[in-house]
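Counting convention: from 1, in listed order, for ligands and their atoms alike.
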Amino acid sequence: MPERTYDLVIHQGSAVLPNTVEVTDIAIAKGRIVALAPNLLPYARRVIDATGKVVLPGMIDVHVHLNEPGLDWEGFLSGSQALAAGGCTTFFDMPINGVPPTISTACLQLKCRCARRQTYLDYGFWGGLVPGNLHELRSLADCGVVGFKAFMSSPGGPSAEHGFVAADDITLYRGMLEIAKTGRVLALHAESEPWVARLAAEFVRNGRTGPADYAQSRPVLAEVEAVERALLYAEYTGCPLHFVHISSAAAVARIQEAKRRGVDVSVETCPHYLALTDEDMARLGPVAKCAPPLRNRREQADLWEMVLAGRIDIIASDHSPCPMEMKIHDNFFEAWGGIAGGQSSVAVMVEEAHLRRGMPLHALARLLATNPARRFGLFPKKGAIQCGADADLVILDTNRPYVLRPEHLFQRHPHSPYIGRRLRVRVEKTLVRGQVVYDADRVAPFPDEPAGQWVKPAGSVRKEPSFAHGS
Ligand SMILES: NC(=O)NC(NC(N)=O)C(=O)[O-]
Ligand SMILES: [Zn+2]
Ligand SMILES: [Zn+2]
């Protein structure tokens, strides 16, 4: 064996590098990428042949709800298996829907105990900002939460009785002042509570409880109003902001203007706003219910323009699962609001953005991996295929079309709005720090022992040019 040897070589895949796609060998040693060059096979202890396949940096999904401890709605084991099978290599678990929610260091400790040795992927945790927990924020930051999450509209769900309710304006403002001191980011569910609560109450009172009524009860205006209010507070407090699951181009435009004013803000949207519309929600029913709701074709086209123009920073799944029965309601307002599509983000986005709309793969990789890593302090350790980075990779086969079926899903409750969808992008293998954590072609697709690690932001989140001054 020559003196220079690699633990593993991913051979001859189309590797999606930071600014280009190149057919090359990827050499891995001790969990990290150590060489990108042709003809590295002679130095390999093990080889994965990726000829004809695409090799992306693994998705860093910054927005998932695995709902542990306390609920059987998902869990770290099934949730991380589903995300691994979907080409994700790191995820951030949201503070809401678990019982108790992550609004104190004691709750964070419980969360960590659940995740340890149960999680196939690397993971981070969001802390929560809620009325009455401002005194917890500093210690949560010191414990290594990636940032904080607050709702401007009522989140509902089981966490409400454990303190996770919407942040009123004063809580939001004072919370931003505290969070600004920690150097972390505040992520916001931006919908105006006065608007959505009043319209929902009116529609339900008038017996208007179908999918279209639900969509009309959460108009784009409710999102834009909340975004503008939060941006105003961010300008006053200097708190870095991240808007989660933005559904409208109008909101993106406001965020873009704020970036140009120097506000440190990033914006996320989800595959479901780009691949599905309100017509799909009417056809599929509550399995496609989320908040903000799926929008109409015009709104979706405008949002795509924002994505393709580089105005969106991050794509995240907002995987928000629940037992099947919570998605079966005649009254749309009573069904659980959350789409459980975490296993389909990479396949849907490569299909829709790259194969259908021609978005370069390296630009898409920025949305799925590089920008999340940069925004939350994991770059350059994670987020790109480059020497020195963790070998967090996903190998895609784009030549074996299939129709997604429930039996393909590894999440605990196999409902998803993508079931029945024809896809050309299949996740073949997912690697975390050079270890195969998912292999589609093996009878047992996951290794015996989950070995995911808790990842914490390196210091505080720096103000990245691409987030602060418009990109
Ligand atoms: N409690 C939730 O999981 N809510 C989530 N559900 C959605 N988006 O429909 C969210 O992110 O707001
Ligand atoms: Zn939300
Ligand atoms: Zn969410």
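Using modelled atom types and a 3.5 Å distance limit, the side chains of Asn296 and Thr277 yield no donor-acceptor pair. Neither side chain, Ser416 nor Gln343, offers a donor N or O lying under 3.5 Å from an acceptor on the other. A donor-acceptor pair shorter than 3.5 Å cannot be found between the side chains of Asp142 and Ser139. Residues Asp318 and His272 bring no donor and acceptor atom of their side chains to less than 3.5 Å of each other. Side-chain contact annotation: His189 with His245, donor-acceptor N/O pair under 3.5 Å present. With 3.5 Å as the limit, one finds a donor-acceptor pair spanning the side chains of His242 and Glu268.
Looking only at distances, no side-chain donor or acceptor of His162 sits under 3.5 Å from a matching main-chain atom of Gly98.
Sparse packing is recorded around CZ of Arg174, with 12 or fewer heavy atoms of other residues, nucleotides or ligands lying under 6.0 Å away.
When the N, O or S atoms of His189 are ranked by distance to the Zn ion (ligand 2), ND1 comes first. Among the heteroatoms counted here (N, O or S) of Asp318, OD1 is the one nearest to the Zn ion (ligand 3). Restricting His245 to its N, O or S atoms, the one at the least distance from the Zn ion (ligand 2) is NE2.
For ligand 1 and Asn97, the ligand atoms under 4.0 Å from any heavy atom of the residue are 1 (N), 2 (C), 3 (O). Of all atoms in ligand 1, numbered sequentially from 1 with element shown, those under 4.0 Å from a heavy atom of Phe151 are 12 (O). Counting atoms of ligand 1 from 1 in the listed order, those under 4.0 Å from a heavy atom of His63 are 11 (O).
Residue contacts with ligand 1 include Trp336, since one or more of its heavy atoms lies under 4.0 Å from the ligand. Heavy atoms of Gly157 stay at 4.0 angstrom or farther from ligand 1.
Among all non-hydrogen protein atoms, the one lying nearest atom 8 (N) of ligand 1 is Asp318 OD2, 2.6 Å. From the protein, the heavy atom lying nearest to atom 4 (N) of ligand 1 is Gly337 O, 4.0 Å. Looking from atom 12 (O) of ligand 1 to the surrounding protein, the closest heavy atom is His189 ND1, 2.9 Å.
Counting heavy atoms closer than 4.0 Å to ligand 1, residue His245 contributes side-chain atoms (C-beta onward) but none from N, CA, C or O.
Considering backbone and side-chain N/O of Ala291, one or more are found under 3.5 Å from N/O of ligand 1. At under 3.5 Å, not a single nitrogen or oxygen of Lys289, backbone or side chain, sits near a nitrogen or oxygen of ligand 1. Ligand 1 has no nitrogen or oxygen under 3.5 angstrom from a nitrogen or oxygen of Cys290. In terms of polar-atom proximity, defined here as any N/O pair under 3.5 Å, Ser320 does make such a contact with ligand 1.
In summary, of the residues considered (Lys381, Arg433, Gln453), a side chain to side chain donor-acceptor pair (under 3.5 Å) with Asp390 occurs for Lys381 alone.
Seen from the ring of Trp304, Arg357 counts as a face-on cation partner, given the 6.0 Å and 45° thresholds. Figure legend: Lys289 and Tyr214 shown as a cation-pi pair, the cationic atom lying under 6.0 angstrom from the six-membered ring centre and within 45 degrees of its axis.
Backbone or side-chain N, O or S atoms of His63 do not reach the Zn ion (ligand 2) at under 2.8 Å.
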